[in-house]
Each structure stands twice: as structure tokens, then as C-alpha cells.
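Step one of this worksheet: look at the structure below.
Indexing begins at 1, ligand by ligand and atom by atom, following the structure's order. Scope of the values below: all heavy atoms of this structure, side chains included, with no hydrogens, waters or symmetry mates.
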Amino acid sequence: MSDESTIFDAILAGDIPCHRVYEDDHVLAFLDIGPLSRGHVLVIPKERARFMHELSEASAAAIGSVLPKLCRAVMAATGCAHYNLLQNNGAPAHQAVFHVHVHIIPKFDDGSGLGIEWNSGELDDGAAMAGAIADAIE
Ligand code: 5GP
């Protein structure tokens with residue numbers, strides 16, 4: 001468990017209010033206070049972990065198992081047909097709150113939602129890179 005307390009700990013403790021949409025033993029989901037679009041939801045583990053690579057498999061599984069129904073609920077409530085899931089790790093990767101969270105961000109025809117700059121390159125070391133990653137899996 002991380003030593004670093006964040007605003008999400010205060011939300012989990014009920015010390016700071018949120019617009020809660022879902023809760024179980026391992027997961028809390030609530031509206032983002034600065035939504036990129038209507039219905040922007042944050043899904044967080046109750047376990048305190050800064051980054052995805054530090055999260056327990058149990059918490060990761062708990063989040064993963066509720067995401068489909070939360071996405072369906074966001075679609076039903078907002079009428080969106082499209083959405084992005086976003087999960088930032090590290091300040092350079094746009095993480096501002098250092099407690100793992102998954103964004104569910106509806107994308108609407110008016111353009112509201114997540115803006116993405118996708119600077120794709122060439123895959124020129126695929127075999128070596130895939131091998132290196134595969135070998136690094138614990
Ligand atoms: P990150 O950039 O870390 O992936 O996103 C953190 C998100 O947390 C931001 O979208 C921000 O609006 C949201 N956020 C930060 N503080 C609060 C808060 O006190 N309440 C709620 N509901 N959302 C928050």
C-alpha cells in the first residue's frame with residue numbers, strides 16, 4: 001500500500017463528498033468533478049495504490065469486472081454511443097491524482113469527450129520488443 005494519501009482517500013472515507021454511482025467491497029465509482037463530457041465517471045480501487053503496476057491482482061480484477069456494466073450504465077444515462085477508457089500513470093502521462101483510477105469518458109457528436117493526439121510511428125523492432133516484454137512478465 002502506498003504511503004501517499006490523496007484526495008481520493010478523503011472521498012473513500014466520506015470526508016469529501018462525491019456523486020457516487022457505484023460501490024462494492026473493492027471499488028468506488030463517482031462523477032469526475034471536472035468532466036471532459038457529460039457523464040464522465042472515475043472508477044477507483046479502495047486499495048491505495050499510485051499506479052496500475054503497483055495494484056494487487058484482486059483490485060485490478062475487481063475493477064475490470066465492473067467496467068462493462070458501468071460503461072453500459074453511462075451509455076444508458078447519457079445516450080452516448082461512444083466512449084473512451086483512460087488510465088494515466090505518472091505526471092508526464094497526465095496523472096494528477098496518485099491513486100489508481102480509470103476514466104469512463106463519453107464521446108459525443110458535439111466533440112466533447114477525450115481529445116487524443118496519436119503520434120503513431122513505425123514498428124521496426126517488433127520481435128525484439130515483444131520478446132523483451134514477454135520475458136519481463138513475472
Ligand atoms: P488524472 O489526470 O489523474 O488521470 O485525473 C484525475 C481526475 O480526478 C481529474 O479528471 C479531476 O477532475 C478529478 N478530480 C480531482 N479531484 C477531484 C475531486 O475532489 N472530486 C472528484 N469527483 N474528482 C476529482
Reported CZ-to-CD1 distance for the pair Arg38 and Ile105, which is rounded to 0.5 angstrom: 15.0 Å
[atom] [closest protein heavy-atom partner, distance rounded to 0.1 Å]:
| atom | answer |
| --- | --- |
| atom 16 (N) of ligand 1 | Ile7 CG2, 4.0 Å |
| atom 9 (C) of ligand 1 | Asp32 OD2, 3.3 Å |
| atom 15 (C) of ligand 1 | Val97 CG2, 4.0 Å |

Contact between ligand 1 and [X] is defined here as a heavy atom of the residue under 4.0 Å from a ligand atom; is it met?
| X | value |
| --- | --- |
| His19 | no |
| His101 | yes |
| Phe98 | no |
| Leu86 | no |
| Ile16 | no |

With atoms numbered from 1 as shown, which atoms in ligand 1 lie under 4.0 angstrom from a non-hydrogen atom of [X]?
| X | answer |
| --- | --- |
| Phe8 | 8 (O) |
| Gly34 | 12 (O) |
| His94 | 1 (P), 2 (O), 4 (O) |
| Phe30 | 21 (C), 22 (N) |
| Asn88 | 1 (P), 2 (O), 4 (O) |
| Leu42 | 8 (O), 13 (C), 23 (N) |

Is there a side-chain contact between [X] and [Y], using heavy atoms and a 4.5 Å cut-off?
| X | Y | result |
| --- | --- | --- |
| Val100 | Gln87 | yes |
| His103 | His40 | yes |
| Leu36 | Leu86 | no |
| Tyr83 | Val74 | no |
| Leu67 | Ile104 | yes |
| Ser5 | His99 | no |

Ile33 and ligand 1 - part of the residue with a heavy-atom distance under 4.0 Å: both
Under 4.0 Å, heavy-atom basis, I'd like to know which part of Ala96 is in contact with ligand 1: side chain, backbone, both or neither.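 It is both backbone and side chain that touch ligand 1.
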Around Asp109, counting heavy atoms of other residues, nucleotides and ligands shown, do more than 12 lie under 6.0 Å from its CG?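 No, not enclosed.
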Inspect the surroundings of NE2 in His19 and state if more than 12 heavy atoms from other residues, nucleotides or ligands are less than 6.0 Å away.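 No, not enclosed.
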Applying side chain to side chain contact (heavy atoms under 4.5 Å, CB included) between Leu42 and each of Leu28, Asp32, Val102, report the one that passes.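 Looking at Leu28, Asp32, Val102, the match for Leu42 under the side chain to side chain contact (heavy atoms under 4.5 Å, CB included) is Asp32.
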Say whether [X], considering both its backbone and side-chain N or O atoms, lies within less than 3.5 Å of an N or O atom on ligand 1.
| X | value |
| --- | --- |
| His103 | yes |
| Leu31 | yes |
| Gln95 | no |

Flag the pair Glu4 and Arg48 as a salt bridge only when some basic side-chain nitrogen lies within less than 4.0 angstrom of an acidic carboxylate oxygen.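 So Glu4 does not pair with Arg48 through a salt bridge.
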Measure the acute angle between the ring planes of His53 and Phe51, then classify it against the limits of 30° and 60° as parallel, tilted or perpendicular. parallel
